[in-house]
Amino acid sequence: MGKPMSFVVVFSLLALAPLCFSSRNGGFGSLYPQYYDHSCPHAKAIVKSIVAKAFAREARSAASILRLHFHDCFVQGCDASLLLDSSGSIRSEKNSNPNRNSARGFEVIDEIKSALEKECPQTVSCADILALAARDSTVITGGPFWEVPLGRKDSRTASLSGSNNNIPAPNNTFQTILNRFQNQGLDIVDLVALSGGHTIGNSRCTSFRQRLYNQNGNGQPDKTLPQPYAAELRNRCPRSGGDNNLFFLDFVSPTKFDNSYFKNIVGFKGLLNSDQVLLTGNDASAALVKKYADNSEVFFEQFAKSMIKMGNISPLTGSNGEIRKTCRKINS
């Protein structure tokens, strides 16, 4: 097996073609990696450079940016609706239950947008910035490379209710999580592979407290949690208070994109309920967890494919949407 650090997944335009026909107007989309090659040839390099600077300042930024892309795509498609602040008729998705006091990395996206507006004004969309920054955040932490299809436009609307209802929650059952992925055109393979993004980043105590104290409403902890691991978590995640205390999603290699997340799950040391149910909630899902735990290259290849697929959820293309001047507000 080769070294995961050097594993590169490159997809040709032919391979991308079947994935590029989802657009909100029901027609054929036009996402392709070379979209800005003439209109803004340095766009990818600018995104990569600022992601690298942000990562050097704070390693946690990589996971934060990856999560922004995920939380954006699951609401109205990959249209940068998550980046909009509340104003006028817009109720920001930043205030939803999955994002409030949790979603972060917006300043990095602002910095990228500002640099791109200087380089090539009103050319590169915020939605494409998110897709590129998510890929670069994966690569900088040791994960796979993939060519990002580009050409998304930015929405002029946001959906607070969509954010509350579409994004899987840490305490959801396996079937609820799968349903929410399937509602976006993703399948069980995508669900398990994309969950592997939890190989980097942190979670708050409030997101998994029920596993430690009251998993099924009977005042008992999750019986799948090994007692020594549960005791360790309880030290910093009490029954009340400490809501925002941070814990590594992958305690083995928390800033390295690798397959130890899946190895942890096989050992019943997934942090979130939504992590551990990948093993305990479904036989097909459990088989994928074990496959990725055994072979990081297979995981990397599928993660890249699933990220491309997720990035193609209902993009606004052609005359739909706009290129925002700043990512936090629609153009006037």
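- With hydrogens and angles disregarded, no donor-acceptor distance shorter than 3.5 Å links the side chain of Ser163 to the backbone of Ser159.
- Here the side chains of Gln215 and Asn273 are in contact, with some heavy-atom distance below 4.5 Å.
- Not one N or O on the side chain of Thr176 forms a donor-acceptor pair closer than 3.5 Å with the backbone of Asn172.
- Between Leu225 and Arg211 there is a side-chain heavy-atom pair separated by less than 4.5 Å.
- No side-chain donor from either of Ser296 and Asn259 sits under 3.5 Å from a side-chain acceptor of the other.
- Here Lys153 contributes atom NZ and Asn320 contributes atom CG; the two are 8.0 Å apart, rounded to the nearest 0.5 Å.
- Between the side chains of Ser96 and Asn99, a donor-acceptor pair is found at a separation under 3.5 Å.
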Subject >> Asn264 and Val252: CA distance, side-chain angles, deciding distance, side chain to side chain contact (heavy atoms under 4.5 Å, CB included) verdict >> reply: CA-CA 8 Å; Asn264 295 342; Val252 174; 3.3 Å; yes
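- Cluster partners of Phe55, using a side-chain heavy-atom cutoff of under 4.5 Å among ILVMFWY residues and allowing indirect links, are Ile140.
- Between atom SG of residue Cys237 and atom CG of residue Asn245 there is a gap of 7.0 Å, rounded to the nearest 0.5 Å.
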Donor-acceptor pairs under 3.5 angstrom involving side-chain atoms of residues 193-201: please list them, not counting sequence neighbours.
from, atom 1, to, atom 2, distance (Å)
Ser195, OG, Leu191, O, 2.7
His198, ND1, Asp275, OD1, 2.9
Thr199, OG1, Asp250, OD2, 3.3
Thr199, OG1, Lys256, O, 3.2
Thr199, OG1, Asp258, N, 3.2
Thr199, OG1, Asp258, O, 3.1
Thr199, OG1, Asp258, OD1, 3.0

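- Every pair tested for ring pair (Phe, Tyr, Trp, His ring centres under 6.0 Å) that includes a residue from residues 147-168 fails, sequence neighbours excluded, so the list is empty.
- For the pair Lys309/Lys305, no side-chain contact is recorded, criterion being any heavy-atom separation below 4.5 Å from C-beta on.
- Side-chain contact check for Lys44 versus Asp37: some heavy-atom pair is nearer than 4.5 Å.
- Remark: Glu232 does not engage Lys269 in a salt bridge, criterion side-chain N to carboxylate O under 4.0 Å.
- Residue-environment remark: CG (Asn218) exceeds the threshold of 12 foreign heavy atoms within 6.0 Å.
- Among residues two or more places apart in sequence or in another chain, the ring-ring contact (aromatic ring centres under 6.0 Å, His included) test is passed with Tyr292 by Phe262, Phe299.
- Inspection of the Gln76 and Thr157 side chains reveals an N or O donor paired with an N or O acceptor under 3.5 Å.
- A donor atom on one side chain and an acceptor atom on the other are found under 3.5 Å apart for Glu93 and Ser81.
- The salt bridge (charged side-chain N to carboxylate O under 4.0 Å, His left out) with Asp243 is formed by just one residue from the set Arg100, Arg209, Arg236, Arg204; it is Arg209.
- A donor atom on one side chain and an acceptor atom on the other are not found under 3.5 Å apart for Thr255 and Arg60.
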**OP:** Please step through side chain to side chain contact (heavy atoms under 4.5 Å, CB included) for the pair Ile323 and Val124, ending with a clear verdict.
**Re:** CA-CA 7 Å; Ile323 307 292; Val124 182; 5.9 Å; no
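- Side-chain contact between Lys94 and Arg328 is present, with at least one heavy-atom pair separated by less than 4.5 Å.
- Taking the side chain to side chain donor-acceptor pair (under 3.5 Å) definition, one finds that Arg324 meets it with Ser155, sequence neighbours left out.
- Applying the ring pair (Phe, Tyr, Trp, His ring centres under 6.0 Å) test to residues at least two apart or on different chains, the pairs with a partner in residues 33-53 are Tyr32-Tyr35.
- Asp154 and Ala127 get closest at one heavy-atom pair: OD1-N, 2.8 Å.
- If you take CZ on Phe145 and CZ on Arg135, they are separated by 4.0 Å, rounding to the nearest 0.5 Å.
- Counting only heavy atoms from C-beta outward, the side chains of Asp79 and Arg152 never approach each other to under 4.5 Å.
- Between the side chains of Gln175 and Asn179, at least one donor-acceptor pair of N or O atoms lies under 3.5 Å.
- Annotation: side chain of Leu249 is not in contact with side chain of Asn202 (no heavy-atom distance under 4.5 Å).
- Of the N and O atoms on the side chains of Ser260 and Ser253, at least one donor lies less than 3.5 Å from an acceptor on the other residue.
- Under the rule for a salt bridge (Lys or Arg N to Asp or Glu O under 4.0 Å), Glu119 has no partner lying at least two apart in sequence or in another chain.
- Through side-chain heavy atoms spaced under 4.5 Å, either directly or across other Ile, Leu, Val, Met, Phe, Trp or Tyr residues, Ile330 is tied to Leu84, Ile90.
- The closest side-chain heavy-atom distance from Leu132 to Leu150 is below 4.5 Å.
- To the nearest 0.5 Å, the span separating CG on Leu31 from CG on Asp128 amounts to 7.0 Å.
- With sequence neighbours excluded, no residue satisfies salt bridge (Lys or Arg N to Asp or Glu O under 4.0 Å) with Arg180.
- Taking Phe251 as the reference, Tyr229 meet the ring-ring contact (aromatic ring centres under 6.0 Å, His included) condition, with sequence neighbours excluded.
- Salt-bridge annotation for Arg156 and Glu322: present, with a side-chain N of the basic residue lying under 4.0 Å from a carboxylate O of the acidic one.
- Atoms CD and CD, from Glu111 and Glu107 in turn, are 10.0 Å apart once rounded to the nearest 0.5 Å.
- Taking the ring-ring contact (aromatic ring centres under 6.0 Å, His included) definition, one finds that Phe70 meets it with Phe74, sequence neighbours left out.
- With 3.5 Å as the limit, one finds no donor-acceptor pair spanning the side chains of Ser64 and Ser61.
- Applying the ring-ring contact (aromatic ring centres under 6.0 Å, His included) test to Phe106 and every residue at least two apart in sequence or in another chain returns nothing.
- In this structure, Ile50 CD1 and Ile109 CD1 are separated by 9.5 Å, a value rounded to the nearest 0.5 Å.
- Atom CZ of Phe248 sits in a sparse spot, with 12 or fewer heavy atoms from other residues, nucleotides or ligands closer than 6.0 Å.
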